[in-house]
Amino acid sequence: MTKIRGVVERITYQNPENGYSVLRVAVKGYNELITVVGNLVDANVGSVLLIEGDWKVDKKYGSQFIAQKWEETVPATVFGIEKYLGSGLIKGVGPKFAKRIVNLFCMDTISVIEDTPERLNEVDGIGKKRVEMIVKSWEQQKEIKNIMLFLQGHDVSTSFAAKIYKTYGNDSIEIVKSNPYRLADDIWGIGFKTVDSIASKLGFDKNCFTRCRSGILYTLNQLADEGHVYAEKEQLIAKSTELLNTEWEAVTDALEKILNTNDLILDEEAIYLPPFYMAETGVARRLKLLNDSQARIDTNLKVNIPKLQEKIGIEYDEIQAQGIQQAVNAKVMVLTGGPGTGKTTTTLGIIRVLQIMGLRILLAAPTGHAAKRMTETTGMEAKTIHRLLEFKPPEGYQKNENSPLDGDVLIVDESSMIDIILMNSLLKAIPTHMKLILVGDIDQLPSVGAGNVLRDIIDSEQFPVIRLTKIFRQAQSSRIIMNAHRINAGEFPNLSNGRNTDFFYIEEEEPELAAKKIVELVKYRLPKYCHTAPSDIQVLSPMQRGVVGAANLNILLQEAINQSDKCLYRAGRSFRQNDKVMQIRNNYDKEVFNGDIGIISSIDFENRRLTVIFDNRAVEYDVTELDELVQAYAITIHKSQGSEYPVVVMPVMMTHFVMLQRNLIYTGITRAKKMLVLVGTKKAISYAVKHVTVTKRNTKLKERLKEI
C-alpha cells in the first residue's frame, strides 16, 4: 500500500449512512488536487490526513486514491496550521483569528494551545472569553477524537462521537465499554444495530439479558414508529428473536423480567411501552368524561340557520346545517370531509353561532402551517397544540389537569394528524365543561406518530360525526379537488393538460430523466409560469430513497437552486445559507417539531453553528445538532401532512411501488393550493389508485371507548 499526507481542501461528497466520501486533497509533489475516496466521513476541510491506500484509474472520474486506512495528524506547515484552525473545528477561531494566532506563534501554535493556552492572551484583540472558548473547545475535540479512535477500533462509524461526548462527557468511553446498549436509549439517532455492533466487538454474549432487553425495546419502538400503539406478545417475541438472531427462550425470559419490573405493560396479549398505555387508556377515559359532563350552555337550543346565513353571507346545505346544530348540542363531535366539501365554511358557521351564544372559543392545529392557515381562514388566532398547552422545557406542558385551558369551546383542525400521545396531553388540559370539536379529513394518511386517533373516535360510534361529501360548485372548477375526489373514490384521475387547468401531468418512465425534469420544473418552468419563487414550490415524493426519492432530489435541487458558498458540513451533508430545511424530530428545548420547515438565514463559522428561521422565529443549531435537520426542497408526502403549498411537484413512478397507495397519493394531491404537477407514469398512478390495503395499526382506542 502507498502512503500520502495531504490537507483536505474540499469535500465533494459524503454518504452519512456508510461513510463513503470523496475528498479533494492537496498533497506535496502534486500540482493539482488529488481525489481521495473511501470511508472518511469525519474528515474536515483543513484537516491534515495521513492516508494508506492504492491508486486506481476510474473510467468516468479518472485517477483516484482509494483510502484503506487513515488518521488525522498535526499540520506540518504554518499554512497548514492556519487552515486547520480556521476550518471551524475549534469554536472561537475563524479564519481571521487563525491568521493572527499563527502569525504570532508560527510552528509552535499547536503546542501553545495544548500546553500553555494562557499565552493566547498575547494575540491582538482576542479577549479573555474567546481564549476560554478556544481552550474548552480544544479539550472537547481531543476527547471526541479519543472516542472516534475507540469507535474506529470497533469498526463503527465515528459520526456519533460528538453526540456521545455531549451526553456523557469525559466518562463516554467507560460508559460505552460497560453497557453500549445505553447509547440506543439515551442518544437520538443511534439505533440498536449500531450499539449491537459495538457490543459484539466488546465481547457481549448474544443471549445476555442486557442485549435481549435492548432488542425488545428497540422492536417496540420500531413498531411505534410504524404507527402501532402496542405489540401482540407473539408478534413482539417473533420480531425480537429475528432481530437478535438468538434463541426464542432467551427473548421470552428477558421479556418476563422486563414485565416484572413494569418497564413494559401487559394488557391481555398486548404489550405496551408505558407512555403509550397511559396515553391510550387516558384518551378513552377523558373523552368519555368530557362527553358525559355538563356544558355551560343549554345544549337543547335550536339554531336559526336562515338568520345565520343572512348574518355571515354564507349559504349552507342540509348536512352543513346539521354540523352547526350538532356543535351546539354535543360536548364532543367530529366534522370530517374532503377538499371542497365546505369544512372551512361550516367551521366559520360553528364559530359564529357559538360566539353569539357568548362562548369563548380556542382554535388549534397540530402543526405551525395548519395553525397559520386556520388563522387566515377564521380571522381568529389559532395556535399549535404545543403552544396552546404552553410547552416549556424541561418541565413539559404548563396546561394540564391542574392548570386547564381557559375557554368554553376548543376547535382542532387537521385532527387526523394527532397521535395518541399528543391527544392525551391535549385532553388532560381540557376542563370538563368545555366542548371539543375535531375537524379533519379521515381519508388522509394517519398520524406520523403512533395511533389512529380520529378514525378510532369515529369508528367507536360513541360521538356524533358529521360527514361532508358534497363538492361545492366553486370547488368543482379545480381539477386538483376533482381529481382528489376521483382518486378517493377509486377512479383514475383526469390527466388531460390545458392552459386553464391547475393540474398537469408529465409522462416519464425513466427515473433519472424524471429527476432531471423535476429540477427543470422547479428552477425554470414553474417560477416563470406561476410567477413564484422556487422556494414556494414544494416537491413531494412518496418515499425517501431512490433516484426520485426525497433524499436524492434534495441533493439535485440544492445544487440547482442554491449556489451559496457559505456552508457547514455534518455527517456528509452540506448546509448552505438560504437552504430550505426541515426538522425531523420533536425538539422541545428549541420548540421546533417534526415536519417544521424553515430557511437557513446565517452561518457562524467561528462557533460552528447556524440559524434557521421558522415562521419568523430564529432558532440556533450547533454543528453537532445538524442531524436533526434535512434539506426540504423535496420532502416525503408523509411529512407534508397538515401543510399547504402554492405549487406542488409530485413524482409517481413504479420505483415507488412499495409505498404507492390511495390515501398517500390523495394526501399529496390535496397539499397543492394553486397548482399540481405529476411526473411519472399512468401505470404507477393506476396502481396507487387501486391499492387500498392500508396497514392496520395496533390500537385499542376504539374498543376502550366502547367498553367505557
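No hydrogens, no waters, no symmetry mates; every other heavy atom, side chains included, goes into these values. Position 1 is the first residue of the sequence; numbering continues from there.
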Quiz item: Are Leu701 and Val283 side-chain neighbours, meaning at least one heavy-atom pair lies under 4.5 Å?
Solution: yes
Quiz item: Which heavy atom of Val539 sits nearest a heavy atom of Pro651, and at what distance?
Solution: CG1-CD, 4.4 Å
Enumerate donor-acceptor pairs with a distance under 3.5 Å from any side-chain N or O in residues 484-494 to protein atoms, sequence neighbours excluded.
unit_1, atom_1, unit_2, atom_2, d
His485, NE2, Pro339, O, 2.6
Arg486, NE, Phe492, O, 3.0
Arg486, NH2, Phe492, O, 3.0
Asn488, ND2, Asp443, OD2, 2.8
Asn494, OD1, Ser496, N, 3.0
Asn494, OD1, Ser496, OG, 2.7

Practice problem: Test Val677 against Ile506 for side-chain contact (heavy atoms from CB on, under 4.5 Å), laying out the working first. | Solution: CA-CA 7 Å; Val677 183; Ile506 296 174; 3.9 Å; yes
Quiz prompt | Interatomic spacing from CG in Asp627 to CZ in Arg585 - rounded to 0.5 Å | solution = 8.5 Å
Quiz item: Does Asn554 use its side chain to pair, donor to acceptor, with the backbone of Ala634 at less than 3.5 Å?
Solution: yes
Exercise. Please name the pair of heavy atoms, one in Ala224 and one in Phe276, separated by the smallest distance, quoted to 0.1 Å.
Key: CB-CZ, 3.8 Å
Quiz prompt | Donor + acceptor pair across side chains of Thr699, Asn452 (<3.5 Å) | solution = no
Quiz item: Mind checking what makes side chain to side chain contact (heavy atoms under 4.5 Å, CB included) contact with Val448, not counting sequence neighbours?
Solution: Asn594, Gln641
Exercise. Using a 4.5 Å cut-off on heavy atoms from C-beta on, say whether the side chain of Leu454 contacts that of Asp456.
Key: no
Quiz item: Short question: side chain of Lys674, backbone of Pro646 - any donor-acceptor pair under 3.5 Å?
Solution: no
Exercise. Give a yes or no answer on whether the side chain of Arg617 reaches the backbone of Ile613 with a donor-acceptor pair at less than 3.5 Å.
Key: no
Practice problem: Please report the shortest heavy-atom distance between Asn663 and Pro446, naming the atom on each side. | Solution: ND2-CD, 4.1 Å
Self-check item: Closest contact, heavy atoms only, Thr532 versus Leu526
Solution: CG2-O, 4.2 Å
Quiz item: Has the side chain of Lys523 got a donor or acceptor atom that lies under 3.5 Å from a matching backbone atom of Ala560?
Solution: yes
Quiz item: Is it true that the NZ or CZ of Lys700 lies under 6.0 Å from the centre of Tyr230's six-membered ring and within 45 degrees of the ring axis?
Solution: yes
Exercise. Decide yes or no for Val519 and Leu521: does some side-chain heavy atom of the first lie under 4.5 Å from some side-chain heavy atom of the second?
Key: no
Quiz item: Would you say Met357 has more than 12 foreign heavy atoms packed within less than 6.0 Å of its CE?
Solution: yes
Quiz item: Is Val612 close to Leu629 at the side-chain level, that is, under 4.5 Å between some pair of heavy atoms?
Solution: yes
Quiz item: Is it the case that Asn291 and Gln462 place a side-chain donor and acceptor less than 3.5 Å from each other?
Solution: no
Quiz item: Of all residues at least two apart in sequence or in a different chain, which pass the side chain to side chain contact (heavy atoms under 4.5 Å, CB included) check with Asn497?
Solution: Phe504, Tyr505
Quiz prompt | Distance-only side-chain donor-acceptor flag, Asp579 / Gln631, under 3.5 Å | solution = yes
Quiz prompt | Heavy-atom donor-acceptor pair, Arg671 side chain to Ser643 backbone, under 3.5 Å | solution = yes
Quiz item: Below 4.5 Å, heavy atoms only, C-beta onward: do Leu660 and Ile665 meet side chain to side chain?
Solution: yes
Exercise. Might you point out which heavy atoms bring Lys343 and Thr347 nearest each other, and give the distance in Å?
Key: O-OG1, 2.7 Å
Quiz item: Are the side chain of Thr384 and the backbone of Pro366 linked by a donor-acceptor contact shorter than 3.5 Å?
Solution: no
Exercise. Decide whether Asn587 and Gln583 meet the rule of one side-chain donor and one side-chain acceptor closer than 3.5 Å.
Key: no
Self-check item: Check against side-chain contact (heavy atoms from CB on, under 4.5 Å), Tyr397 and His386
Solution: CA-CA 8 Å; Tyr397 296 112; His386 289 94; 3.1 Å; yes
Quiz item: Less than 4.0 Å between a side-chain N and a carboxylate O, is that true for Arg387 and Glu381?
Solution: yes
Quiz item: Can you tell if the side chain of Ile324 reaches within under 4.5 Å of the side chain of Arg352, non-hydrogen atoms only?
Solution: no
Quiz prompt | Non-neighbouring partners of Gln322 that pass side chain to side chain contact (heavy atoms under 4.5 Å, CB included), sequence neighbours left out | solution = Glu318, Ile319, Ile466
Quiz item: Heavy atoms, side chains only, cut-off 4.5 Å: are Val409 and Leu362 in contact?
Solution: no
Quiz item: Is the count of non-hydrogen atoms from other residues, nucleotides or ligands lying under 6.0 Å from Tyr529 atom OH greater than 12?
Solution: yes
Practice problem: Output yes when Glu414 and Arg373 qualify as a salt bridge under the 4.0 Å nitrogen-oxygen rule, no when they do not. | Solution: yes
Exercise. Mind checking salt bridge (Lys or Arg N to Asp or Glu O under 4.0 Å) for Asp408 and listing every partner two or more places apart, or none if nothing turns up?
Key: Arg296, Arg360
Exercise. Report the distance from atom CG of Leu557 to atom OH of Tyr633, rounding to the nearest 0.5 Å.
Key: 8.5 Å
Self-check item: OG-CD distance between Ser460 and Glu707, expressed to the nearest 0.5 angstrom
Solution: 12.0 Å
Practice problem: Taking Thr670 for its side chain and Thr667 for its backbone only, find out whether a donor-acceptor pair lies under 3.5 Å. | Solution: yes
Practice problem: Answer with yes or no whether the side chains of Tyr666 and Gln661 bring together a donor and an acceptor at under 3.5 Å. | Solution: no
Quiz item: Quick check: are there more than 12 heavy atoms from other residues, nucleotides or ligands sitting under 6.0 Å from CD of Gln355?
Solution: yes
Exercise. Please round to the nearest 0.5 Å and tell me the distance separating atom OG1 of Thr636 and atom CE of Met582.
Key: 6.0 Å
Quiz item: So Ile437 and Val412, side-chain contact (heavy atoms from CB on, under 4.5 Å) or not? Walk me through it.
Solution: CA-CA 6 Å; Ile437 299 168; Val412 185; over 6 Å; no
Quiz item: In terms of heavy-atom contacts, does NZ of Lys399 have more than 12 from other residues, nucleotides or ligands at under 6.0 Å?
Solution: yes
Quiz item: Rounded to the nearest 0.5 Å, what separation is found between the CZ atom of Arg455 and the OG atom of Ser415?
Solution: 13.5 Å
Quiz item: Is a salt bridge present between Lys590 and Glu625, judged by a nitrogen-to-oxygen distance below 4.0 Å?
Solution: yes
Quiz item: Are side-chain heavy atoms of Ile603 and Arg576 found at a separation under 4.5 Å?
Solution: no
Quiz prompt | Heavy-atom closest pair, residues Phe575 and Leu610 | solution = CB-CD2, 3.8 Å
Quiz item: For the atom pair NZ (Lys706) and CD (Glu461), what is the distance rounded to the nearest 0.5 Å?
Solution: 5.5 Å
Quiz item: Would you say the side-chain atoms of Gln320 and Thr346 include a donor-acceptor pair closer than 3.5 Å?
Solution: yes
Exercise. Determine whether the side chains of Gln538 and Lys580 contain a donor N or O and an acceptor N or O closer than 3.5 Å.
Key: yes
Quiz prompt | Donor-acceptor pair, side chain of Arg479 and main chain of Asp502, under 3.5 angstrom | solution = no
Quiz item: Would you say the side-chain atoms of Ser541 pair up with the backbone N or O of Val548, donor to acceptor, closer than 3.5 Å?
Solution: yes
Exercise. Identify, with sequence neighbours excluded, every residue that meets side chain to side chain contact (heavy atoms under 4.5 Å, CB included) alongside Arg286.
Key: Glu401, Asn424, Leu427, Lys428
Exercise. Could you tell me whether a side-chain N or O of His433 sits under 3.5 Å from a main-chain N or O of Gly407, the two making a donor and an acceptor?
Key: yes
Exercise. Considering only NZ, NE, NH1 and NH2 on the basic side and carboxylate oxygens on the acidic side, decide whether Glu280 and Arg704 come within less than 4.0 Å.
Key: yes
